[in-house]
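Some notes on the structure that comes next.
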Amino acid sequence: IRGLVNLAVLVCLGRVLGPELYGLYSYAIAFVVVFTAFGSLAHEGILVRELVKWGRPEETTLGSAFLLRGIGGLAGMAGAIGAAWLLPGARSGLGLIAIISAGLLFQPFDVVDHWFQSRLQARHVAWVRIGAALPVGACKIALALRLATLPALAWMSVAEALLVAMGLLGMYWRKGPPGRWRIDGGEVRTLVRDSAPMAATTLLVMAFMKLDQIMLARFVGFRELGIYASAVRLVDIWNFIPMAVMPSLYPAVVAMRKRD
């Protein structure tokens, strides 16, 4: 469902904004996506592994991961804005980058997503994300048809991140165990030590995936980037297949390995 919503938004924005404005919008998104890797200080795979382990206080794991992801979100936002300010040619999208990067502040709430994955209950998270994507997608289309400014569209991305964060917290309060999250220094060190190689890999992968769009805008222009980004997004939509399968299979594989 989210894939269909994203496809509808893509078609509408591409037709209404035109190649140049859509290229500027895609440039800001690509720029910020690179810095989402800072949130991998508590990497998804490592966090799920820790939550699957028997005898571990999950409140401590969740609290420690929330802290690390909060620090990573702040670092990612600061890094995106700072890099846009310093790099030649990036200042034209500085305002959009600053707005979109604010969504990184809600990255810590993804630890709830990983808790549901560790319990093989990812369907609850799927409903939360669909519930956020539908109204935000409709608002983006409405804003585009009313010829709204690009900052207004960028704020919709932040609104979606906020809605997902609120939905995840609400779902955890309903389905999760009672108890307050705690921060433990030993758990923080474990998560940082085990996640550091994965975080570095994620940063390189994100840079590899988005650097082409950043370079295209720098050397050719936003109009050509808009055409290129539309084609890339049409291909990326199909990534939902492995992304939908992995959250359900990975915890089960980890649990089987622990039993064996």
Side-chain angles (χ1 to χ4, degrees), residues 6 24-51 61-62 64-91 93-94 96-114 117 129 154 157-158 160-161 164-165 187-219 225 228-229 232-233 235-240 242-244 246-247 250 254:
N6 291 334
L24 177 58
Y25 183 67
S26 299
Y27 174 78
I29 293 176
F31 205 95
V32 173
V33 166
V34 174
F35 292 88
T36 59
F38 285 91
S40 298
L41 286 174
H43 191 269
E44 174 182 352
I46 303 300
L47 179 54
V48 172
R49 184 200 69 185
E50 293 296 306
L51 290 170
T61 301
L62 290 171
S64 302
F66 188 90
L67 172 66
L68 289 174
R69 291 218 161 194
I71 295 173
L74 287 171
M77 182 179 181
I81 296 174
W85 176 261
L86 294 174
L87 290 178
R91 291 190 182 182
L94 179 59
L96 288 177
I97 291 171
I99 295 172
I100 295 173
S101 65
L104 300 181
L105 299 179
F106 301 102
Q107 273 190 324
F109 297 95
D110 285 343
V111 300
V112 176
D113 181 351
H114 306 326
Q117 290 182 31
R129 296 192 182 277
S157 299
V158 181
E160 183 174 1
V164 169
E187 187 68 20
V188 169
R189 288 190 293 271
T190 298
L191 289 172
V192 171
R193 182 189 67 237
D194 294 348
S195 297
M198 304 297 292
T201 301
T202 302
L203 178 60
L204 292 175
V205 170
M206 291 298 182
F208 174 77
M209 292 177 60
K210 299 299 180 181
L211 193 58
D212 55 345
Q213 297 186 36
I214 296 173
M215 293 179 63
L216 194 62
R218 175 70 179 86
F219 294 108
L225 172 59
Y228 176 79
V232 171
R233 289 290 298 275
V235 175
D236 287 344
I237 287 175
W238 295 103
N239 288 336
F240 79 90
M243 291 176 64
M246 281 299 296
Y250 180 72
V254 172

Testing the basics here: between [X] and [Y], what is the closest heavy-atom pair and its distance to 0.1 Å?
X      : Y      : result
Leu225 : Ala217 : CD2-CB, 3.6 Å
Arg69  : Val111 : CD-CG1, 4.2 Å
Tyr25  : Ser157 : OH-OG, 3.7 Å
Ala83  : Phe35  : CB-CZ, 3.7 Å
Ala80  : Ser101 : CB-CB, 4.2 Å
Ile214 : Ala30  : CD1-O, 4.4 Å

Exercise for the section: Report the C-alpha separation of Leu104 and Phe38 in whole Å, then their side-chain angles, then the decisive distance to 0.1 Å, and conclude whether the side chain to side chain contact (heavy atoms under 4.5 Å, CB included) test is met. Expected result: CA-CA 9 Å; Leu104 300 181; Phe38 285 91; over 6 Å; no
At what distance, to the nearest 0.5 angstrom, does [atom1] of [X] lie from [atom2] of [Y]?
X      : Y      : atom1 : atom2 : answer
Leu47  : Leu62  : CG    : CG    : 6.5 Å
Gln107 : Ile71  : CD    : CD1   : 13.0 Å
Glu187 : Leu67  : CD    : CG    : 12.0 Å
Met77  : Ile99  : CE    : CD1   : 10.0 Å
Ile46  : Leu191 : CD1   : CG    : 8.5 Å
Leu94  : Leu86  : CG    : CG    : 10.0 Å

Problem - 4.5 Å side-chain heavy-atom contact, Val158 and Phe106 - result: yes
Practice task
Verify side chain to side chain contact (heavy atoms under 4.5 Å, CB included) between Val33 and Met209, making sure each step is shown before the conclusion.
Solution key: CA-CA 9 Å; Val33 166; Met209 292 177 60; over 6 Å; no
Exercise for the section: Please step through side chain to side chain contact (heavy atoms under 4.5 Å, CB included) for the pair Gln213 and Leu216, ending with a clear verdict. Expected result: CA-CA 5 Å; Gln213 297 186 36; Leu216 194 62; 5.6 Å; no
Practice task
Report the relative orientation of the aromatic rings in Tyr27 and Phe31; use parallel for angles under 30°, tilted for 30 to 60°, perpendicular for over 60°.
Solution key: tilted
Exercise for the section: Can you sort out the partners of Leu211 under side chain to side chain contact (heavy atoms under 4.5 Å, CB included), two or more places apart, ordered by chain and number? Expected result: Met215
